[in-house]
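In what follows, a structure is listed as structure tokens, so that the remarks can point back to it.
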Amino acid sequence: MIPAGDLGKLPAARCCPESDDKMKTTEEKSDMNIAALVGSDQLSQGRDDDELPLNVSVFIEKEVGSDLKSLKKLGKLIEKMTENKIKLEEQVFTISSEIPKRIQSALKDAEESKQVLNQFLEQEAPLFSSITSHLLTAQPWMDDLGAMINEIEEIEQHLTYLKWVSQIEELSDFEEILAQLHWPFITHTQSQTVGISWPASAPEIYGTMETLFCQLLKLQASDELLTEQKQLPEKYFLPACPSVILPIQIMLTPLQKRFKYHFRGNRQTNVISKPEWYLAQILMWIGNHAHFLDEKIQPILDKVNSAVNARLEFSRGLMMLILEKLASDIPCLLYDDNLFCHLVDEVLLFERELHSVHGYPSTFASCMHILSEETCFQRWLTVERKFALQKMDSLLSSEAVWVSQYKDITDVDEMKVPDCAEVFMTLLLVITDRYKNLPTASRKLQFLELQKDLIDDFRIRLTQVMKEETRAPLDFRYCAILNAVNYISTVLADWADNVFFLQLQQAALEVFAENNALNKLQLGHLASMESSVFDDMINLLERLKLDMLTRQVDYVFREVKDAAKLYKKERWLSLPSQSEQAVMSLSTSACPLLLTLRDRLLQLEQQLCFSLFRIFWQMLVEKLDIYIYQEVILANHFNEGGAAQLQFDMTRNLFPLFSHYCKRPENYFKHVKEACIVLNLNIGSALLLKDVLQSSEHLPATASLNEVGIYKLAQQDVEILLNLRTNWPNTGK
């Protein structure tokens, strides 16, 4: 047996020293032999682990063992190893010749792949940018599409629900029950006979109707998704409201069919110039069914604790027919003034009856929402202005318009309002009635501005006519214009306290505050209600009124001054005393003055209204008081008889002219009255007063003056008047 250590040294002992190449070849062959002997894997593992001799020893031990007889296997083992050697050499040769080609091919493929990859990388940047841009562009479409898909899904749900409702309606015998009750009630007579001509089974029919009505009501109430599909565009700003309850919808169906049959298409009843036909039809239907709805349907709703009012719900459903009809008809007649104005008139009459007679709430959708649409509303404003101006043109074209239509009725004609002013204010009142039910404050404010423009226009027209009459300010027409101005101003002041215009004032305040259109002081006046929406117009009218009154007062005062020329020159120093006359009589020179005053007062009392005439005579008296005091009294000296005559003329003749207009007319002639008192003081009182005034030059003598009845005149004026007396005793004073 060969020791393992010796066997490992055998190849080295057999090899003879040669060149390095031979040694290398010999080693390679030895390795191949060993590989053939122990297997390439074991050889590789042995080399890696540096345990090749051990592996060979283990191999021989396994194949030969310790039995010497087993040595005969060495021949076969050598043959086998030789065959393995040949195979290994062939494999090594093949590998050594093919691997470079494969490597070259792999490198070539890698290079081509790299080039392709670079091309892909170059294309990737613009492609990524393009995709990103496309996604950004398409995102809104995707959002819209998503929203649309959601809407479609919701509509599909609604359609599914409505299909079920339709199927349930088909299965219901509700319409048949209504038919047995002769529903709908087309004529008024038919509505009045409901309950009288019912068959004997009426209680049973009514019970069935109640059951079906409640079931339909529950079906409607159970759906939280169904909302009424508005058939009118959003530009009409209809108030949000739930759909009409399902049983009422079914009850409305035959009437809706009738309405569409008669007032759509080419039917003879569908005449665009006759809106009153379909408006009256709706009012008649509401009236015909009101009793049945109140007596038979409302108790059902009350029983199930429903807040729905049957009659109003029924009216609301019919109202939608009117709104749809108006929305379709108005564009066709928008620019025909006569047709459009007629439509508006009929709609307003319809609205008035609908609200006043049938109790239709202002919070529900109404015809005023259709008329408030921008295009229609602006056209309405234009037409209102046009027809109002035409009316104003005709108002002032006749002489009869300056006469009051109540001139023969004293109790009614206190304001002496000429017909033109009465008609104009009626026109404004009608305009107010026409727009007061508009749904928004902004629309009402636009109409208010129209009214203010018309008022200003009418004021200007009155001013123009007045200027033609300024040469004769006491004539009838001038006075009629003044009465008209006063009446318009008075009515506007009354309107300013009306709740409707106070609400508009509040709305205007909010608009001004938002737009910063007024300063803080003006806003404060509006907010505190110290001013009104008509203040500007009232101020202009009051200014015109005062100007016209001043013209009249000046005109009469000039006449009075002319008539007083002789009275001014009266011989006040040489008139006999009262004791020398049997009876005091009016100065002859005062007659023209008093006659002129009397005639003009009577004339203007008849031609001016009471309030204007009061202002007139008070303004005249104020000027007359100063005139007599300055031009008659202070310009003359008076003996005892002259002072007494002056006092008689004033207190017994001049003052009484005004006693018909006030209780104490002398209080309006303060200067003249007190001057007469001073001039007619007895000698003792006059001397005493003169002493008091002279001794109190630096102290007021108010108490002494008040004792003799002097309140208006100053101390210096009293001293001057005392000096005008000539009847002093010879005491040096």
Side-chain angles (χ1 to χ4, degrees), residues 1-65 70-142 145-146:
M1 186 173 179
I2 301 174
D6 294 338
L7 183 61
K9 297 178 182 179
L10 287 178
R14 290 180 181 175
C15 294
C16 59
E18 293 179 358
S19 64
D20 293 338
D21 293 338
K22 288 182 179 180
M23 283 292 294
K24 188 174 181 179
T25 301
T26 303
E27 290 177 357
E28 289 176 354
K29 290 181 179 180
S30 176
D31 290 341
M32 291 175 63
N33 291 335
I34 294 172
L37 179 64
V38 299
S40 59
D41 293 335
Q42 292 182 354
L43 177 62
S44 174
Q45 184 179 2
R47 284 188 174 178
D48 291 340
D49 298 337
D50 200 20
E51 295 179 352
L52 182 58
L54 179 60
N55 290 335
V56 173
S57 176
V58 171
F59 176 74
I60 293 176
E61 183 69 26
K62 178 181 177 182
E63 293 295 331
V64 178
S70 298
L71 292 175
K72 59 182 179 182
K73 296 179 180 178
L74 290 174
K76 292 181 180 180
L77 183 60
I78 292 172
E79 290 179 2
K80 181 178 179 181
M81 291 176 62
T82 301
E83 291 176 359
N84 288 341
K85 173 187 174 186
I86 294 171
K87 290 180 180 179
L88 288 173
E89 288 177 346
E90 291 176 354
Q91 290 177 1
V92 170
F93 177 77
T94 301
I95 291 173
S96 62
S97 61
E98 291 181 359
I99 283 179
K101 293 180 181 179
R102 292 182 180 179
I103 292 175
Q104 188 67 27
S105 176
L107 290 174
K108 183 178 180 182
D109 292 342
E111 187 66 27
E112 291 177 353
S113 298
K114 181 180 179 182
Q115 293 177 357
V116 173
L117 182 60
N118 289 335
Q119 292 177 357
F120 286 161
L121 290 174
E122 292 175 357
Q123 296 174 0
E124 182 268 345
L127 184 60
F128 178 79
S129 177
S130 176
I131 291 172
T132 303
S133 175
H134 178 74
L135 289 175
L136 291 175
T137 304
Q139 188 60 43
W141 299 347
M142 294 297 295
L145 184 60

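- The closest side-chain heavy-atom distance from Glu112 to Lys108 is below 4.5 Å.
- A distance of 10.5 Å separates CG in Asp109 from CD in Gln104, rounded to the nearest 0.5 Å.
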Report, one line per pair, each donor and acceptor closer than 3.5 Å where one atom sits in a side chain of residues 116-141; sequence neighbours left out.
from: Asn118; atom 1: ND2; to: Lys114; atom 2: O; distance (Å): 3.3
from: Thr132; atom 1: OG1; to: Phe128; atom 2: O; distance (Å): 2.8
from: Thr137; atom 1: OG1; to: Ser133; atom 2: O; distance (Å): 2.9
from: Gln139; atom 1: NE2; to: Asp143; atom 2: OD1; distance (Å): 3.0

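- Annotation: side chain of Asn84 is in contact with side chain of Lys80 (closest heavy-atom distance under 4.5 Å).
- If you take CG on Leu107 and CD on Glu111, they are separated by 9.0 Å, rounding to the nearest 0.5 Å.
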